[in-house]
Amino acid sequence: MPAKQVVLATRNAHKVTELSRILAATGVEMSLVGLDAYPQMPEVAETGLTFADNALLKARAVAAFTGLPAVADDSGLCVDALHGMPGIFSARWSGAHGDDKANLDLLLAQLSDVSERGAQFVCVAALAVPPLTRPATEGASAQRREWTVTGVLSGSLTRERRGTGGFGYDPVFVPAGASVTTAELSPEGKDAISHRGRALRALAPVIATHAR
Ligand code: ITT
């Protein structure tokens, strides 16, 4: 049987790399398709107020557009001293969406006088399966088509950038119990403990069962 086709519902190239690597390592047979294959796919507005809302918005829109099961991730850094912010606004904290350098510069400046350095990386991974194309039986139409799983990595924030791996806030995030930042870990080392790794490994069996 051909591998199940699953679309990765993200425009963030770093996330595509991590999601593909993590899902490949689970051993679940699936053929991953990027959004590059769908240049006409409109941008999905992240209007939700929670990671789960936004992950579902992205997965649902991409599944509806492509007709394929879609996996999305909404993720971010929740800083204790900022009452959980940037949170869902992590990608656009400085105003420009996806400007990792400006976002991190702003965060470090905001926390320059703050000694409380606790923070968590959070990822909600969502799977949305499109409706059956053939006429659904009564039972099938009532079947569940959306799932979410949350992964968390707790740690603390440094005052200076360290390391060149990863992306986003990785150069200032030290996982609890570690002495290096997630930007200093190997890709596999980060995947093994990361919020994204935890969420995707938990979602993989659900994808295996429900993608077709
Ligand atoms: P898509 O919506 O297209 O998936 P995005 O970059 O907008 O791409 P999010 O809204 O989920 O994705 O924002 C994620 C942001 O959170 C990301 O830009 C980083 O600033 C931060 N972030 C998430 N995971 C991270 C990680 O593993 N390492 C460092 N920063 C991370």
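For clarity, every value in this text was computed on a predicted model and none was experimentally measured. Note that the numbering runs from 1 along the sequence shown for the chain. Just so you know, ligand 1 is whichever comes first in the structure, and atom 1 is the first atom listed for that ligand. Only heavy atoms go into these numbers, but all of them, side chains included; no hydrogens, no water, no symmetry mates.
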Q: Identify the heavy atoms of Ser75 and Arg196 that sit nearest to each other, and give their distance.
A: OG-NH2, 3.0 Å

Q | Top protein contact for atom 18 (O) of ligand 1, by heavy-atom distance | A | Ala91 CB, 3.5 Å

Q) Which atoms from ligand 1 have a heavy atom of Lys190 less than 4.0 Å away? A) 26 (C), 27 (O), 28 (N)

Q: Check ligand 1 against Gly76 and write out every atom of the ligand that is under 4.0 Å from a heavy-atom position of the residue.
A: 16 (O), 23 (C)

Q.
Could you tell me if the side chain of Val152 sits less than 4.5 Å from the side chain of Phe121, heavy atoms only?
A. no

Q) Under 4.0 Å from ligand 1, counting heavy atoms only, is it the side chain of Trp93, its backbone, both or neither? A) neither

**Q.** Region of Arg196 that comes within reach of ligand 1 [heavy atoms, distance under 4.0 Å]
**A.** side chain

Q: Among all protein heavy atoms, pick out the one at the shortest distance from atom 14 (C) of ligand 1; state its residue, atom name and that distance to 0.1 Å.
A: Ser75 O, 3.2 Å

Q | Residues Glu29, Lys4; criterion salt bridge (charged side-chain N to carboxylate O under 4.0 Å, His left out); working and verdict | A | CA-CA 7 Å; Glu29 293 267 322; Lys4 298 159 202 256; over 6 Å; no

Q. Going by an N to O cut-off under 4.0 Å, is there a salt bridge joining Arg198 and Asp191?
A. no

Q. Taking all non-hydrogen atoms of both residues, which atom of Ala55 and which atom of Asp73 are closest, and how far apart?
A. CB-C, 4.5 Å

Q. Can you tell me which residue and heavy atom of the protein come closest to atom 11 (O) of ligand 1, and the distance to 0.1 Å?
A. Lys15 NZ, 2.8 Å

Q: Can you see which heavy atom on Leu157 is nearest to which on Ala119, and at what distance?
A: CG-CB, 3.8 Å

Q | ligand 1 atoms in contact with Gly168 (distance to a heavy atom under 4.0 Å) | A | 29 (C), 30 (N)

Q. Going by atom types only, do Asn103 and Ser94 share a side-chain donor-acceptor pair under 3.5 Å?
A. yes

Q: Check each atom of ligand 1 against the heavy atoms of Asp74 and keep those under 4.0 Å away; list them by number with element.
A: 9 (P), 10 (O), 11 (O)

Q: State if His14 counts as touching ligand 1 under the rule of any non-hydrogen atom under 4.0 Å.
A: no

**Q.** Taking every non-hydrogen atom, the tightest pair across Tyr38 and Arg11
**A.** O-NH2, 3.7 Å

Q: For Leu57 and Ala45, work out which heavy atoms get closest and say how close.
A: CD1-O, 3.8 Å

**Q.** Nearest protein heavy atom with distance in Å, relative to atom 8 (O) of ligand 1
**A.** Asn12 CB, 3.4 Å

(Q) Can you tell me which residue among Asp170, Thr181, Thr182 is in a side chain to side chain donor-acceptor pair (under 3.5 Å) with Lys190? (A) Asp170

Q) Which heavy atom of the protein is the closest neighbour of atom 3 (O) of ligand 1, given with residue, atom name and distance? A) Arg11 N, 2.9 Å

Q) Quick one: which of Tyr169, Phe167, Phe51, Phe173 has a heavy atom closest to atom 25 (C) of ligand 1? A) Phe167

Q: Just jot down the ligand 1 atoms closer than 4.0 angstrom to any heavy atom of Asp170, in number order.
A: 26 (C), 28 (N), 29 (C)

Q.
I'd like to check which ligand 1 atoms, numbered from 1 as shown, lie under 4.0 Å from a non-hydrogen atom of Glu46.
A. 2 (O), 7 (O), 10 (O)

Q. What protein heavy atom sits nearest atom 4 (O) of ligand 1, and how far off is it?
A. Thr10 OG1, 2.6 Å

Q | Whether His14 and Phe167 hold their rings parallel, tilted or perpendicular, with breakpoints at 30° and 60° | A | parallel

Q.
What verdict does the side-chain contact (heavy atoms from CB on, under 4.5 Å) test give for Arg161 and Leu108, after you've listed the backbone C-alpha separation in whole Å, the side-chain angles of each residue and the deciding distance to 0.1 Å?
A. CA-CA 9 Å; Arg161 289 171 163 84; Leu108 285 176; 4.0 Å; yes

Q) What protein heavy atom is closest to atom 7 (O) of ligand 1, reported as residue, atom name and distance in Å? A) His97 NE2, 2.6 Å

Q: Examine ligand 1 and decide if any of its atoms is less than 4.0 Å from a heavy atom belonging to Gly166.
A: no

**Q.** Asn103 heavy atom under 4.0 Å from ligand 1
**A.** no

